[in-house]
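Encoded as structure tokens, the structure appears first; notes follow it.
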Amino acid sequence: MGLIVQKFGGSSVANTQKLELVTEHIIYEVEKGNKVVVVVSAQGKTTDRLISEEEEITKTPLKREHDVLVSTGEQITIAKLSMLLNEKNYRAVSLTGWQIPIITNSEFSNSRIKYIHNETVEEYLNAGNIVIVAGFQGVDENGNITTFGRGGSDTTAVALAASLKAERCDIYTDVDGVFTTDPRITDKAKKIKTISYEEMLELSSMGAKVLHNRCVEIGKKYNVPIYVKSTFEKISDGTLITNSGNLEDLVINGVTKDDYISRITIVGIENKIGRSYELFKLLAKHNINVDVIVQSFGEHIIKDIAFTVKMNDLDKTLKILDENKEMLNAKEILHCENLSKVSIIGVGIANKPGVAADMFEALYENNINMHMITTSEIKITVLVNSNEADIAVKAIHQKFFDN
Ligand code: ASP
Ligand code: MG
């Protein structure tokens with residue numbers, strides 16, 4: 001008999017009928033003799049609806065009030081689910097983030113968990129209750145309600161699993177696990193059985209929006225096995241995210257795509273200590289998220305630096321650079337729009353020769369030009385024109401997974 005944390009996302013709890021399905025997964029674990037903590041999201045598109053209702057009032061809400069508003073979606077789900085379970089004669093109790101409490105810092109809309117008081121949850125569990133927790137929310141040390149950012153219920157679930165030392169955390173969603181690529185791009189996408197935390201972090205940050213990235217970080221830090229499963233399948237193995245497993249079997253685990261990328265090139269920047277620091281400090285000061293960075297090398301007096309920013313940051317970034325052109329001492333500032341990042345991810349990349357060649361061959365065979373290349377131990381990323389990105393993903397996926 002162990003302790004299991006289960007999490008059900010918005011599409012899994014969208015209406016009463018779906019909540020019924022959710023109770024089956026909960027009861028299944030309870031009947032096996034497990035203690036169960038359940039974390040839920042707001043029903044369906046409730047959070048989106050709350051945000052658009054807020055926009056009818058103001059586009060610049062007080063951050064504190066924004067969090068008070070958006071945290072309410074989850075509160076509806078916990079009450080309903082608890083009622084449903086009690087109707088079926090299973091004792092359940094609902095708890096909001098602040099009732100537990102889950103203590104966070106005071107960064108509204110993007111708060112981080114500082115610690116979780118286990119006592120309340122444990123008392124209810126020991127008294128024979130299923131504990132139903134509202135996802136994506138906590139409370140700061142001044143008693144203000146905080147939220148974790150969109151998709152943050154995953155983080156509530158894994159953090160609770162870590163804090164309560166649960167056996168595992170099952171994340172139920174509308175897809176049956178993590179796939180080698182987006183099944184909407186190619187029907188050849190395969191379900192991944194086991195994946196390491198590192199690979200999963202890369203997959204999510206590179207555009208595979210299955211899990212909230214912070215939940216994977218917490219899982220990794222506290223060694224919580226995370227299963228991603230489908231709510232809509234009775235028995236689902238899903239994907240296991242863990243440190244162990246047969247990670248070396250496949251060279252790569254996934255092909256991802258991230259759209260709406262632009263590349264900025266600063267031509268002829270002085271090759272002097274501190275120049276790049278000044279440049280990126282300037283962008284950081286204006287809250288511009290810079291991603292891939294490539295610098296030309298060699299002992300020249302000048303060099304070029306290229307980096308990517310999201311399309312919606314492009315105008316702002318160009319304006320800042322233009323205003324600071326003299327300070328940066330740059331010859332020219334160029335940019336290129338409508339690009340996509342296409343990446344392959346896998347712990348096998350570093351040890352297996354020819355992986356990059358295979359990836360580039362797939363692009364070459366499809367006449368696709370690469371605008372930038374970067375690599376890490378477990379990832380190779382290229383920039384391509386957005387209108388060729390799906391073909392690129394398909395071709396690369398075929399190269400590595402079709403045999
Ligand atoms: N309800 C929140 C959202 O829609 C949190 C979550 O679903 O994880 O972003
Ligand atoms: Mg989600």
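Ligands are counted one by one from 1 in listed order, and the atoms in each one are counted from 1 as well.
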For ligand 1, would you mind listing the residues that have at least one heavy atom less than 4.0 Å away, ordered by chain and number? Ser41, Ala42, Thr47, Glu74, Phe136, Arg150, Gly151, Gly152, Ser153

Sidechain-backbone polar pair: Thr23 side chain, Leu85 backbone, donor-acceptor under 3.5 Å: no

Sequence neighbours excluded, the answer for side chain to side chain donor-acceptor pair (under 3.5 Å) partners of His66 is Glu54

Can you pull out every side-chain hydrogen bond (donor to acceptor under 3.5 Å, both in side chains) where at least one residue sits in residues 147-164? Sequence neighbours excluded, please. Lys7-Asp154, Ser41-Ser153, Asp48-Arg150, Asp67-Thr147, Asn118-Ser163, Thr155-His212

Distance-only polar pair, side chains of Asp176 and Ser230, donor-acceptor under 3.5 Å: no

Please list every donor-acceptor pair under 3.5 Å in which a side-chain atom of residues 329-336 meets a protein atom from a residue at least two apart or in another chain.
residue : atom : partner : partner atom : Å
Asn329  : ND2  : Glu270  : OE1          : 3.4
His335  : NE2  : Glu337  : OE2          : 3.4

Gln295 side chain to Ile305 backbone, donor-acceptor under 3.5 Å: no

